[in-house]
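Reading through the structure tokens given below for one structure.
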Amino acid sequence: MTLEQNVLAKNDAIARDNRAWLRKRDAVALNLMSSPGSGKTTLLERTLTALARSRPAAVIEGDQATSLDAERLRRTGAPVVQVNTGAGCHLDAALVRSALTQLDPKTGSVVFVENVGNLVCPAMFDLGEQRKVVVISVTEGTDKPLKYPYMFAAADLVVVNKLDLLPYVDFDLELCVKHARSVNPDLTLLTLSATTGEGLDTWLNWVAAQ
């Protein structure tokens with residue numbers, strides 16, 4: 001217990017420093033968390049393409065072993081720094097600080113952090129981001145907010161993706177929203193399809209407001 005407290009306290013101190021570092025550059029960081037396969041890389045591809053003419057954007061890409069997602073995102077033209085965590089299941093503030101230094105984002109940037117895919121440990125670590133975003137998809141279970149309450153309790157926004165597949169899967173959107181708000185009554189939720197673009201404007205407006 002004491003070791004865990006010490007680790008988190010050290011992480012939180014670096015996270016505060018990251019936030020101050022970003023603030024000096026008038027930049028914001030958005031931490032995107034999800035289970036594997038939610039479609040957050042596709043959402044980022046769409047987002048980076050849409051932002052290309054209006055606001056500088058960059059990505060810190062977290063992955064245990066590959067750079068496959070980073071390669072996809074670089075094709076949008078945005079700067080991307082890859083962070084491989086090996087056996088680690090999440091990014092921490094120190095890893096993000098090192099990536100920020102390497103990334104050197106422009107003044108006014110939005111820095112997207114694509115965290116390692118799982119709905120457990122990323123919720124515990126403050127990275128110095130301004131907002132935590134959870135991306136789930138309709139191909140996952142309606143009960144995800146109840147099974148992983150700490151993730152949804154920590155989130156500022158929940159994005160429900162793959163809306164185009166809703167007619168073909170057993171997913172109760174209304175009940176999922178109810179479960180999410182039972183965990184975190186202050187949550188903002190929006191639905192979209194990163195594949196078709198449905199609902200993407202609402203997401204882009206949310207990003208622009210940060």
Side-chain angles (χ1 to χ4, degrees), residues 11-12 14-34 38-62 69 73 76-81 83 90-93 95-97 99-101 103-117 119 122-137 151-161 163 177 180-181 183-194 197-210:
N11 179 83
D12 290 349
I14 299 171
R16 287 192 293 273
D17 188 53
N18 287 349
R19 233 181 315 275
W21 190 92
L22 288 160
R23 196 179 304 117
K24 287 179 182 176
R25 294 180 176 228
D26 192 27
V28 298
L30 305 178
N31 180 11
L32 273 61
M33 303 173 289
S34 77
S38 69
K40 65 181 185 300
T41 306
T42 301
L43 177 60
L44 277 176
E45 286 178 310
R46 283 270 195 169
T47 304
L48 294 170
T49 301
L51 290 178
R53 296 178 182 174
S54 60
R55 186 174 182 181
V59 180
I60 296 171
E61 177 61 44
D69 291 345
L73 296 175
T76 69
V80 180
V81 168
V83 180
H90 61 88
L91 296 174
D92 63 27
L95 289 171
V96 168
R97 181 53 191 268
L100 283 171
T101 302
L103 197 60
D104 192 23
K106 295 179 180 177
T107 300
S109 288
V110 55
V111 179
F112 296 96
V113 180
E114 184 170 4
N115 217 315
V116 179
L119 290 175
M124 297 174 59
F125 285 81
D126 183 359
L127 305 181
E129 73 277 64
Q130 274 67 38
R131 296 284 185 267
K132 295 180 189 297
V133 179
V134 177
V135 181
I136 61 173
S137 66
M151 176 63 70
F152 289 83
D156 298 290
L157 173 71
V158 171
V159 174
V160 182
N161 190 23
L163 203 57
V177 170
R181 290 224 163 96
V183 173
N184 183 350
D186 298 326
L187 266 179
T188 300
L189 293 102
L190 60 87
T191 59
L192 57 79
S193 168
E198 179 183 0
L200 201 64
D201 285 348
T202 306
W203 157 249
L204 293 172
N205 289 337
W206 184 88
V207 171
Q210 306 310 307

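Side-chain atoms are counted along with the backbone in the values below, which use heavy atoms only and exclude waters and symmetry mates.
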Open item on the list: Within the structure provided, determine whether Trp206 and Val159 are in side-chain contact (heavy-atom separation under 4.5 Å).
Closed with: no
Open item on the list: What I'd like to find out is whether the side chain of Val111 reaches to under 4.5 Å of the side chain of Ile60, using heavy atoms alone.
Closed with: yes
Task: Sidechain-backbone polar pair: Asn115 side chain, His90 backbone, donor-acceptor under 3.5 Å - done: no
Open item on the list: As an exercise, state the distance from CG of Leu44 to OG1 of Thr42, rounded to the nearest 0.5 Å.
Closed with: 9.0 Å
Open item on the list: Within the 4.5 Å heavy-atom criterion, are Phe112 and Val80 side-chain neighbours or not?
Closed with: no
Open item on the list: Whether the side chain of Asn18 engages the backbone of Val96 through a donor-acceptor N/O pair (distance < 3.5 Å, no angle test) should be reported.
Closed with: no
Open item on the list: I need the Arg23 CZ to Gln130 CD distance, nearest 0.5 Å.
Closed with: 7.5 Å
TODO: Write down the atom of Ala123, the atom of Met33, and the distance for their closest heavy-atom approach.
DONE: N-SD, 4.3 Å
- [ ] Assess whether side-chain contact (heavy atoms from CB on, under 4.5 Å) is satisfied between Leu32 and Val113, documenting all intermediate values.
- [x] CA-CA 6 Å; Leu32 273 61; Val113 180; over 6 Å; no
TODO: Evaluate the side-chain proximity of Ser137 to Val160: yes if any heavy-atom separation is below 4.5 Å, no if none is.
DONE: no
TODO: Indicate yes or no for a side-chain donor-acceptor contact from Asn161 to the backbone of Ser38 under 3.5 Å, with no hydrogens or angles considered.
DONE: yes
Open item on the list: Return the OG to CG distance between Ser34 and Leu119, rounded to the nearest 0.5 Å.
Closed with: 6.5 Å
Task: Whether Asn184 side chain and Phe152 backbone form a donor-acceptor pair below 3.5 Å - done: yes
Task: Salt bridge flag under 4.0 Å for residues Asp104 and Arg25 - done: yes
Task: Nearest heavy atoms of Ala15 and Ala93, plus distance in Å - done: N-CB, 3.6 Å
Open item on the list: I want to check something: taking the side chain as every heavy atom from C-beta on, are Arg55 and Val110 in contact at a cut-off of under 4.5 Å?
Closed with: yes
Open item on the list: With heavy-atom distances below 4.5 Å as the criterion, would you say the side chains of Leu48 and Val59 are in contact?
Closed with: yes
- [ ] Please round to the nearest 0.5 Å and tell me the distance separating atom CZ of Arg131 and atom OG1 of Thr188.
- [x] 9.0 Å
Task: Backbone N/O of Pro105 and side chain of Ser109: donor-acceptor pair under 3.5 Å - done: no
- [ ] Could you grab the distance from atom CG of Asn31 to atom CD of Glu114, nearest 0.5 Å is fine?
- [x] 10.5 Å
TODO: Measure the shortest side-chain to side-chain distance between Leu189 and Leu157 over non-hydrogen atoms and say whether it is less than 4.5 angstrom.
DONE: no
TODO: Taking atom types as modelled, find out whether Trp203 and Thr47 have a side-chain donor-acceptor pair closer than 3.5 angstrom.
DONE: yes
Open item on the list: Would the distance check show the side chain of Glu61 and the main-chain N or O of Val81 forming a donor-acceptor pair, the cut-off being under 3.5 Å?
Closed with: no
Open item on the list: Please check: side-chain N/O of Arg97 versus main-chain N/O of Ile14, any donor-acceptor pairing under 3.5 Å?
Closed with: no
Open item on the list: Would you compute the distance between atom CG of Leu192 and atom CG of Leu43 and round it to the nearest 0.5 angstrom?
Closed with: 6.0 Å
- [ ] Examine distances only and state if a side-chain atom of Glu129 and a backbone atom of Leu127 form a donor-acceptor pair shorter than 3.5 Å.
- [x] yes
TODO: Compute whether any side-chain donor of one residue and acceptor of the other, for Asn11 and Asp126, lie under 3.5 angstrom apart.
DONE: no
- [ ] Begin from the C-alpha positions of Leu30 and Val207 and carry the test side-chain contact (heavy atoms from CB on, under 4.5 Å) through to its verdict.
- [x] CA-CA 9 Å; Leu30 305 178; Val207 171; 4.3 Å; yes
Task: Test item: Leu22 and Leu100 side chains (from C-beta on) under 4.5 Å apart, heavy atoms - done: yes
Open item on the list: Any carboxylate oxygen within less than 4.0 angstrom of a Lys/Arg side-chain nitrogen, looking at Asp69 and Lys40?
Closed with: no
Open item on the list: Quick check against the 3.5 Å criterion: does Asp92 have a side-chain atom that pairs as donor or acceptor with the backbone of Phe125?
Closed with: no
